[in-house]
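All remarks here apply to the structure that follows.
In listed order, ligands and their atoms are each counted from 1. Below, all heavy atoms of this structure are taken into account, side chains as well, without hydrogens, waters or symmetry copies.
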Amino acid sequence: MAIIVKNIKQLVQTENKNIKFRAGKEMENLPVINNAFLLTEGNKIKDFGKMEDFSPEILKKIKEPIEEIDATGKFVFPSFCDSHTHIVYAGSREVEYIDKIKGLSYEEIFKRGGGILNSALKLHETSEEELYDQAWQRLEEMASFGTGAAEIKSGYGLSTEDELKMLRVIRKLKETSPITIKANFLGAHAVPLQYKNNPDEYVDLIINEMIPMVAAENLADFVDVFCDKGFFTTEQTERILMQGIKYGLRPKIHANEMACSGGIQVGVKYNALSVDHLEYTGEAEMQVLYKSETMPTVLPGAAFFLGMPYAPIRQMIEYGLPVALASDFNPGSCPSGNMQLIFAMGSIMYKMLPEETVNATTINTAYAMDVHRELGSITKGKIANFFITKPMDTLYFMNYAFGSNKVEQYFLNGKRQ
Ligand code: NIG
Ligand code: FE
């Protein structure tokens, strides 16, 4: 079924050429069309433009039945791309969260066998089918809030068998979900307890056994490491990234959440697609990132939930860097995949302008998960993933009304959901 959306109050993030991302001052630049139309055919965007340029002739070339939608008073956005999630996990960790309220830190909970290790234990005891069902529900909810693409990490397995199990679940989600999905191998999420006194032995296992097996089954697009104080060192990270690259996996890493760990420098050195978290980012890190191919990605939900210092987004943009915003949906540091909330947090917590938050959650996150050629903007030929908002006076309502769902209807691969 083709779809023609007419009388759109504002069609957001329209782009005629394929751009990679927006950086620095350019992040304030958000192309929009007022009083617009959008036409899809099959799973692709066929045409868009001003209503005054629309003629019924345009529809004559369409070879499918056409659904007509009147979007008077409403906005149309390309779906959000969520370039950093951990949504394949078993159960939840709200009991630990109470310990956090009482004053224990993320690192303290981890040290006593909680946190990621707690999730690994639960995942070990949960079947692939059950993991798939739980992740599917999370994906459905994410889609209802406007997400059309998600990167999903492994990292709650921490043994060869369970890491492969997680990645197989992600593969099944890829095959069955209307959301575009990329898989990221994060065997180096935490050192399992049995390797506590010899973490390099676990790194050897990742390098010699896990990566070759993941690649042999073609289970991942990317390789990730939690490169930070108390987790993996820069030396260990380098070894893992080199092996990942050898097996065709582009790095995307967790860096500088707990300290100035050198993670950003390692990421850029190995041409990571993104470095994520970045609470501890200074002039030296910004210099390294400048003009690199690595997308600095901030995860406001995790900083908010854990009470971390905020990444210096304003300074990063003033420095000329691009910035992406993703959810980090996971059971420990951000139990939410609501990208509308992340979008609003960009303004509330980091003083980003609304135009900057659109770029940070669409084209920039599309780049950070390597789908910018097919998603992230309203461009002819791209996949028709978009949403129609409830009636709004201005786009700024998205940044302002942080607690309500502004998405009225959403479409993935050109199909109403
Ligand atoms: O991105 N920082 C490391 N990993 C996740 C948290 C995972 C967890 O606590 O389960 C994150 O915040
Ligand atoms: Fe994460």
Side-chain angles (χ1 to χ4, degrees), residues 82-97 99-100 104-124 126 131 134-135 138 150-158 162-163 166 170 182-192 222-232 237 240 251-259 261 263-264 267 272-280 295-311 324-337 339 342 345 365 368-369:
D82 191 348
S83 58
H84 183 137
T85 84
H86 306 249
I87 59 161
V88 175
Y89 60 86
S92 57
R93 303 215 304 261
E94 75 265 26
V95 175
E96 271 179 9
Y97 169 64
D99 293 328
K100 228 174 259 159
L104 279 190
S105 73
Y106 184 81
E107 276 169 296
E108 282 162 343
I109 290 175
F110 177 78
K111 281 201 184 118
R112 59 163 208 203
I116 297 168
L117 298 176
N118 176 356
S119 285
L121 206 61
K122 286 197 174 94
L123 184 126
H124 181 69
T126 307
L131 285 171
Q134 289 190 21
R138 293 177 192 124
E151 177 257 30
I152 310 177
K153 298 170 198 294
S154 69
Y156 295 120
L158 307 182
D162 287 342
E163 282 296 310
M166 277 192 86
I170 299 172
K182 292 278 182 175
N184 191 349
F185 168 63
L186 175 58
H189 198 189
V191 177
F222 310 122
V223 61
D224 204 329
V225 178
F226 189 1
C227 177
D228 224 319
K229 188 172 145 240
F231 290 83
F232 292 87
T237 304
I240 295 168
K252 258 175 81 66
I253 70 170
H254 285 74
N256 296 40
E257 179 185 4
M258 309 289 169
S261 59
I264 293 176
L273 196 47
S274 71
V275 285
D276 302 24
H277 278 292
L278 316 186
E279 277 74 11
Y280 292 87
M295 177 63 66
T297 302
V298 174
L299 311 168
F304 172 70
F305 192 74
L306 296 181
M308 307 289 284
Y310 297 164
L325 297 177
S327 77
D328 197 17
F329 194 174
N330 76 76
S333 60
C334 185
S336 168
M339 281 295 281
I342 301 302
M345 281 174 164
T365 35
M369 57 181 291

Side-chain donor-acceptor pair under 3.5 Å between Ser274 and Lys252, yes or no? yes
Can you give me the closest heavy-atom contact between Phe305 and Gly332, atom names plus distance? CE2-O, 3.5 Å
Output all residues satisfying side chain to side chain donor-acceptor pair (under 3.5 Å) with His84, sequence neighbours left out; order by chain, then residue number. His86, His254, Asp276, Asp328
Mind listing the closest non-hydrogen atom pair of Gly263 and Asn256 along with its distance? N-OD1, 3.4 Å
Relative to the Fe ion (ligand 2), how many protein N, O or S atoms have a separation of less than 2.8 Å? 4
Within the 4.0 Å heavy-atom cut-off around ligand 1, the contacting residues, ordered by chain and number, are His84, His86, Arg93, Tyr106, Ile116, Tyr156, His189, Phe226, His254, Glu257, His277, Asp328, Asn330, Gly332, Ser333
Assess whether atom NZ of Lys122 is packed by more than 12 heavy atoms of other residues, nucleotides or ligands within 6.0 Å. yes
Could you pull out the closest heavy-atom pair between Ile170 and Ala183, with the gap in Å? CG2-CB, 3.7 Å
Do the side chain of Glu151 and the main chain of Thr85 share a donor and acceptor less than 3.5 angstrom apart? yes
Can you list the residues that meet the side chain to side chain donor-acceptor pair (under 3.5 Å) rule with Lys100, with sequence neighbours excluded? none
Over 12 foreign heavy atoms within 6.0 Å of OH, Tyr310: yes
